[in-house]
Amino acid sequence: MTKKEIIKLRKDTHFYIDMFGKNVHFCQDKESYKELLLSFGWEIDLENYQGLMWKDERDNRCFIGVFENDKSILVHESVHCALRIMEAVNQDLNYKDECLPYLTELIYMKCIEKWKDK
């Protein structure tokens with residue numbers, strides 16, 4: 001990919017979680033996901049995955065990839081992302097607390113806004 005294509009990919013896949021100050025990217029295909037991760041310095045073998053959530057510890061950026069046209073995979077990866085964000089900001093998990101459900105829902109809905117039907 002050219003530098004211009006990488007910048008566009010980063011912009012098109014990005015959203016920001018205001019309440020926690022975290023950047024998240026969402027991709028629906030392995031090639032875009034792989035290129036996006038490479039642009040941030042990560043190389044990952046995606047061959048055996050239907051979806052994946054990757055967290056870049058260097059700048060607290062999360063990457064959600066859903067490689068099958070299946071929103072249940074997105075739910076699964078959204079939970080992983082929410083848990084990693086809560087961990088990064090030292091938010092304790094409390095089953096009486098609504099933080100994890102609301103954050104998971106927010107991540108899921110932001111990804112759905114970017115979802116492209118195949």
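Scope of the values below: all heavy atoms of this structure, side chains included, with no hydrogens, waters or symmetry mates. We're numbering straight along the sequence, starting at 1.
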Give me the atom names and distance for the closest heavy-atom approach of Cys81 to Ile107. SG-CD1, 3.8 Å
Please name all residues satisfying ring pair (Phe, Tyr, Trp, His ring centres under 6.0 Å) with Phe63, sequence neighbours left out, ordered by chain then number. His25, Phe40
When rounded to the nearest 0.5 angstrom, what is the spacing between CG in Leu38 and CD1 in Ile44? 9.0 Å
Is the CE atom of Met19 crowded by more than 12 outside heavy atoms at less than 6.0 Å? no
Value for CZ (Arg61) from CZ (Arg84), rounded to nearest 0.5 Å, stands at 15.0 Å
Quick check: do Ile64 and Cys111 have side-chain heavy atoms less than 4.5 Å from each other? yes
Are Tyr108 and Tyr102 linked, directly or through intermediate hydrophobic residues, by side-chain heavy-atom contacts shorter than 4.5 Å (ILVMFWY only)? no
Using modelled atom types and a 3.5 Å cut-off, is there a donor and acceptor pairing between side-chain atoms of Glu35 and backbone atoms of Ile6? no
First locate atom NZ of Lys55, then atom SG of Cys62, and finally report the distance between them rounded to the nearest 0.5 Å. 6.0 Å
For Glu77 versus Gly65, what's the shortest heavy-atom pair and its separation? CG-O, 4.1 Å
Any idea how Trp115 and Phe26 line up, ring-wise: parallel (<30°), tilted (30 to 60°), or perpendicular (>60°)? parallel
Same cluster or not: are Ile7 and Met1 linked, directly or through other Ile, Leu, Val, Met, Phe, Trp or Tyr residues, by side-chain heavy atoms under 4.5 angstrom apart? no
Nearest heavy-atom approach of Ala82 to Leu103 is O-CD2, 3.6 Å
Same cluster or not: are Ile73 and Met109 linked, directly or through other Ile, Leu, Val, Met, Phe, Trp or Tyr residues, by side-chain heavy atoms under 4.5 angstrom apart? yes
SB check Lys3 Glu5 (cutoff 4.0 Å): no
Determine whether Ser39 and Leu9 make a side-chain contact, defined as any pair of heavy atoms from C-beta on separated by less than 4.5 Å. no
Strictly distance-based, threshold 3.5 Å: is any side-chain N or O of Lys114 a donor or acceptor partner for the main-chain N or O of Asp12? yes
Spacing of CG belonging to Leu36 relative to CH2 belonging to Trp54, to within rounding of 0.5 Å: 13.0 Å
If we ignore hydrogens and angles and just use 3.5 Å, is the side chain of Tyr49 paired with the main-chain N or O of Phe67 as donor and acceptor? no
Single-linkage hydrophobic cluster Tyr16~Met86, side-chain heavy atoms < 4.5 angstrom: no
Distance, nearest 0.5 Å, that separates CZ of Phe15 from CD1 of Ile17: 5.0 Å
Working to the nearest 0.5 angstrom, can you tell me the gap between Asn94 CG and Leu100 CG? 11.0 Å
With the side chain counted from C-beta on, respond yes when His14 and Asn23 share a heavy-atom pair under 4.5 Å apart, and no when they do not. yes
Around Glu57, counting heavy atoms of other residues, nucleotides and ligands shown, do more than 12 lie under 6.0 Å from its CD? yes
Using every non-hydrogen atom in the two residues, find where Pro101 and Asp97 come nearest and quote the distance to one decimal. CD-O, 4.1 Å
Ile85 with Ile112, same ILVMFWY side-chain cluster at under 4.5 Å: yes
